[in-house]
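This report refers to the structure that appears directly beneath it.
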Amino acid sequence: MRRQVKSLGFSYDWDRQVDTTDIRYYKWTQWIFLKLFNSWFDEDLQKARPIEDLPIPEGLLETQREQYIHDRRLAYEAFAPVNWCPELGTVLANEEVVGGVSERGGHPVIRKPMRQWMLRITQYADRLLKGLDSVDWPESIRKLQTDWIGRSVGASVDFQVDGHEDVVRIFTTRPDTLFGATYMVLAPEHPLVDAITTEVYRADVNRYRELAARKSDMDRTDLAKDKTGQFTGAYAVNPVNGVLIPIWISDYVLISYGTGAIMAVPAHDERDWEFAKKFELPIIPVVQPTVEAAHKTDLAAKLRAEAIKDVAGAVIAAVKRCEICFIGDGAAINSGSFNGLSTAEFKTKITDWLAERGLGKQAVCYKLRDWLFSRQRYWGEPFPIIHTADDKTVALSERDLPLGLPEVADYKPTGTGEPPLAKSTEWVNVTLPDGRKGKRETNTMPQWAGSCWYYLRYLDPHNESQAVAPEKENYWMPVDLYIGGAEHAVLHLMYSRFWHHLLYDLGYVSTPEPFRKLINQGMILGEDNQKMSKSRGNVINPDKVIADYGADSMRLYEMFMGPLEVAKPWSMQGVEGVHRFLNRLWRVVIDDNTGRLSDIVQPVPADEETQRLLHQTIRKVGEDIETFGFNTAISQMMIFVNHLSKLTTRPTNAVESLVLVLAPFAPHLCEELWRRLGHPDSLAYEPWPAFDPSRTRAKTVELAVQVLGKIKDRIVVAADADIAAIEAAALASEKVQAALAGKTVKKAIVVQGRLVNLVV
RNA sequence: GCCGGAGUGGCGGAACUGGCAGACGCGCGGGAUUCAAAAUCCCGAGGGGCUUAAGCCCCGUGUGGGUUCGACUCCCACCCCCGGCACCA
């Protein structure tokens, strides 16, 4: 890998190479983990603070106190469902589960809650969202992250369970449809399900919950078309009108979003509509569509096709008769004293109304989930955590880092779901300084952990006492340009930002955001326009290309292929093409027979055209490098080389300038030419050639003359000719006169340097 | 289904802020050089048609409309491809 990168001639500083699996590196990954563990997020200040600063309510028992702190640490333990395969005795990643069975062996996989480490990235949701405004990233990536965070504003509302102490809290973005809530749905995993289920339904409910547990996330969504569910026997009281509504469980409600429970308004929510239709639950319309919204419905499109006159009226009537589900805005109906309010007004009014009565309040929800940060694998950074015999979780102190991985006989899973490290008993069992016995955490950190902050380590890779020295961090950060594949658009780039924000809050880094500018490079496809893969046999080996054509041709071709950001197919003939260009340049400078500087390269002044092309080339290449338009920079240099090759005397200064601007693209060849042009030192020490804007302009320009937009002739005028002169010259053309055929010119549009358009 | 990006010769692609579409490269055709070939150099070329010819005409940037003196570029509707998300209440 390193050899290959070097062979391309990249100017990497190899002294700064880091290895995230090196204990000297992951010591600091563990250090950052301790920072997460020992911090909490102050929602008022919107920033992380040391856990010692956490205000703790008075009068808590010791265990309550610990729980209180635990619930606020940015790294915490929780039971989260994982893909557990009993047959293989191991936890599988999502992509290892296909259709509810393991990819290898086809054994059943269930979703089993297991103890996991989680990172409270959700606390940073707003910060991560806001930060996107300050970075120079492609719009598409910012959108992707915005959607991933998925902020939505609504209300949380409490529903009293009839005959119970318990209330079910729900989140809704449409509190204005409360009067249309005809039933409730809890996620099968919802903690209240057991308590509220009546005896008659208990067996059915349990059966349904088991069925749901067996489905993977994938299956749940795949089966979206066909809704399933089970009545619990319990009823809730609709807080706005006291109506009793049945409580169901169904896996179309996700435990991980909102509160894991919803109020169902089938008239105005498509999922609820489908469910209500299937289980024959009542539907009450509470929003009368605005005329505008009515026109946007599918039914409206259909009615228009049938040439119905009053489309909006028909749609409104259909909504009122519960014939269609309407999810847009409108005016409240069937909503008691709120009738007539617009959707927006109603939302505000009802939220206030609920808040006054202590039944609900405004709430914000995010799609973003806390980050499941542990893996049941051997390879990964060990957590600097000890679980004591008296059931406490203790973190190592920073001076006890690093905590290395033990040598083990094998890396295979244990079969019990315990991670492989659990087998290493002498590593696992420890005695704390105070004499207490404990066991080390045996989960390890995911691949993402080390890659979350490597850009910081590059700044100070050998520092043994700090992750990065502040003065170095301050000098280098932020990262000016991050070029990466779009596959990292959300995960890696979100996790990195999250860690960076934490380090910023704690004062270890000086910039709120790590990556100022971001570019997604496009994938290079095989010659068959398919993704390169061994199985397709379309893989291009750079070693081979470099051996056959040289590193400069390889580099130049990659840049000449097309825009950096788009996917494009490789072409061996294209490599051939740029290789020819480099050869031609060589022959422009070097006499092929003698191998020495060509006799026709002479220290003579360049003629006007050569001068102009040279200055245009210097300008274009400089500008294109700034905008990453390498393909057009190269094409301009090709134009100039083509021109030079036609000259019988080639001015040394033009040749030298060309070599200097091409050097970043084809460094090896250019260095060689530079030497042969008589310079003993590397061209790397030369300044970038300057261009004179006045020399980029020609004295005369050719303009197209159009009559009614069709080109009839081309005229040559002085570059600085004024509009009147250009118009006169255009009218003087015989071809133009012929095209005008005696008609009078109503208007002449003259665009200097471009064209003349005569309107008749 | 929703969101984002794109669609230009045989191919990769270029075109400033609405101003000569197809730069540059590949491939292709013709020629020069050569005993021959490779390499190299020169010329040609978007498609179609008219003309003995110089030349001329029509069509043309996914499709159909629109705005404009003028549209690859702006607006509306649609088609196709790529990427992402996918019961997020």
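Note that the coordinates shown come from a computational prediction; the quantities given were computed from them, not determined experimentally. Order of the sequence lines sets the chain letters (A, B, ...), proteins ahead of strands, with each chain counted from 1. Below, each value reflects all heavy atoms present in this structure, side chains not excepted, and no hydrogens, waters or symmetry copies.
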NA contact type, [X], heavy-atom cut-off 4.0 Å: base, sugar-phosphate, or nothing?
X       : result
N631(A) : sugar-phosphate
I639(A) : sugar-phosphate
K712(A) : sugar-phosphate
T632(A) : sugar-phosphate
K367(A) : base
S645(A) : nothing
R142(A) : nothing
I711(A) : sugar-phosphate
E702(A) : base

Output yes when a side-chain donor or acceptor of T182(A) lies under 3.5 Å from a complementary backbone atom of P282(A), and no otherwise.
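Present.
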
Exam field: side chain R650(A) to backbone V588(A), donor-acceptor pair closer than 3.5 Å
yes

With rounding to whole Å, what would you report as the distance between G1(B) and C79(B) at their P atoms?
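It works out to 10 Å between them.
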
Considering only the C1' atoms, how many Å lie between G22(B) and C59(B), rounded to the nearest integer?
16 Å

Rounded to whole angstrom units, what separation is found between the [atom1] atom of [X] and the [atom2] atom of [N]?
X       : N      : atom1 : atom2 : answer
D528(A) : G12(B) : CG    : C1'   : 15 Å
F630(A) : A14(B) : CZ    : P     : 14 Å
D147(A) : C3(B)  : CG    : C1'   : 6 Å
D624(A) : C24(B) : CG    : P     : 15 Å
R587(A) : C41(B) : CZ    : C1'   : 9 Å
I255(A) : A89(B) : CD1   : C1'   : 14 Å
M561(A) : C26(B) : CE    : C1'   : 12 Å
Q706(A) : G18(B) : CD    : C1'   : 12 Å

Check this one for me: any side-chain N or O of S152(A) less than 4.0 Å away from OP1 or OP2 of A89(B)?
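Yes, because at least one side-chain N or O of S152(A) sits under 4.0 Å from OP1 or OP2 of A89(B).
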
For G18(B), does OP1 or OP2 lie under 4.0 Å from any side-chain N or O of R754(A)?
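Negative; the distance criterion is not met.
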
Mind running salt bridge (Lys or Arg N to Asp or Glu O under 4.0 Å) on R555(A) and E558(A) for me, showing each step along the way?
CA-CA 5 Å; R555(A) 294 165 60 113; E558(A) 290 221 325; over 6 Å; no

At less than 3.5 Å, do the side-chain atoms of R584(A) and the base atoms of C41(B) form a donor-acceptor pair?
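There is none.
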
Can you find a donor-acceptor N/O pair under 3.5 angstrom joining the side chain of K746(A) to the base of C69(B)?
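It does not, because no donor-acceptor pair links the side chain of K746(A) to the base of C69(B) below 3.5 Å.
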
Below 4.0 angstrom, N of the basic side chain to O of the carboxylate: do D147(A) and K367(A) qualify?
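No salt bridge links D147(A) with K367(A).
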
Ring centroid separation F275(A) to Y183(A) under 6.0 Å
yes

Of all the choices, [options], which nucleotide is nearest to the side chain of [X] once you look at every atom?
X       : options                : result
K735(A) : C87(B), A14(B), C56(B) : C56(B)
N642(A) : G25(B), A89(B), A23(B) : G25(B)
K568(A) : U40(B), A89(B), G12(B) : G12(B)
K710(A) : C58(B), A89(B), C24(B) : C58(B)
D251(A) : C87(B), C26(B), A14(B) : C87(B)
F560(A) : C41(B), G12(B), G19(B) : G12(B)
I749(A) : G4(B), G27(B), C69(B)  : C69(B)
Y252(A) : C24(B), C26(B), C87(B) : C87(B)
M638(A) : G25(B), C87(B), A89(B) : G25(B)
K747(A) : C24(B), A89(B), C69(B) : C69(B)

Parallel, tilted or perpendicular: which describes the rings of F179(A) and F346(A), with under 30° parallel and over 60° perpendicular?
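The rings of F179(A) and F346(A) sit tilted, inter-plane angle from 30° to 60°.
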
Is the H579(A) ring parallel, tilted or perpendicular to the Y549(A) ring (thresholds 30°, 60°)?
perpendicular

Reading RNA chain B from 5' onward, which residue's closest nucleotide shows up sooner: L703(A) or S140(A)?
S140(A)

RNA chain B: 5'-proximal contact among L758(A) and G562(A) (nearest heavy atom)
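By nearest-heavy-atom nucleotide position, the 5'-most residue is G562(A).
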
Torsion-based syn/anti label for G4(B), 90° from 0 as limit:
anti

Let's see if you get this right: which residues in residues 575-582 of chain A place a heavy atom under 4.0 Å from RNA chain B?
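Contacts with RNA chain B under 4.0 Å: G577(A), R580(A).
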
Report the C-alpha distance between V578(A) and M559(A) in whole Å, list the side-chain angles of each, state the deciding distance to 0.1 Å, and finish with yes or no for side chain to side chain contact (heavy atoms under 4.5 Å, CB included).
CA-CA 10 Å; V578(A) 294; M559(A) 289 184 272; over 6 Å; no

Would you please say whether a donor-acceptor pair under 3.5 Å links the side chains of R169(A) and T259(A)?
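On atom types as modelled, these side chains do not qualify, holding no pair under 3.5 Å.
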
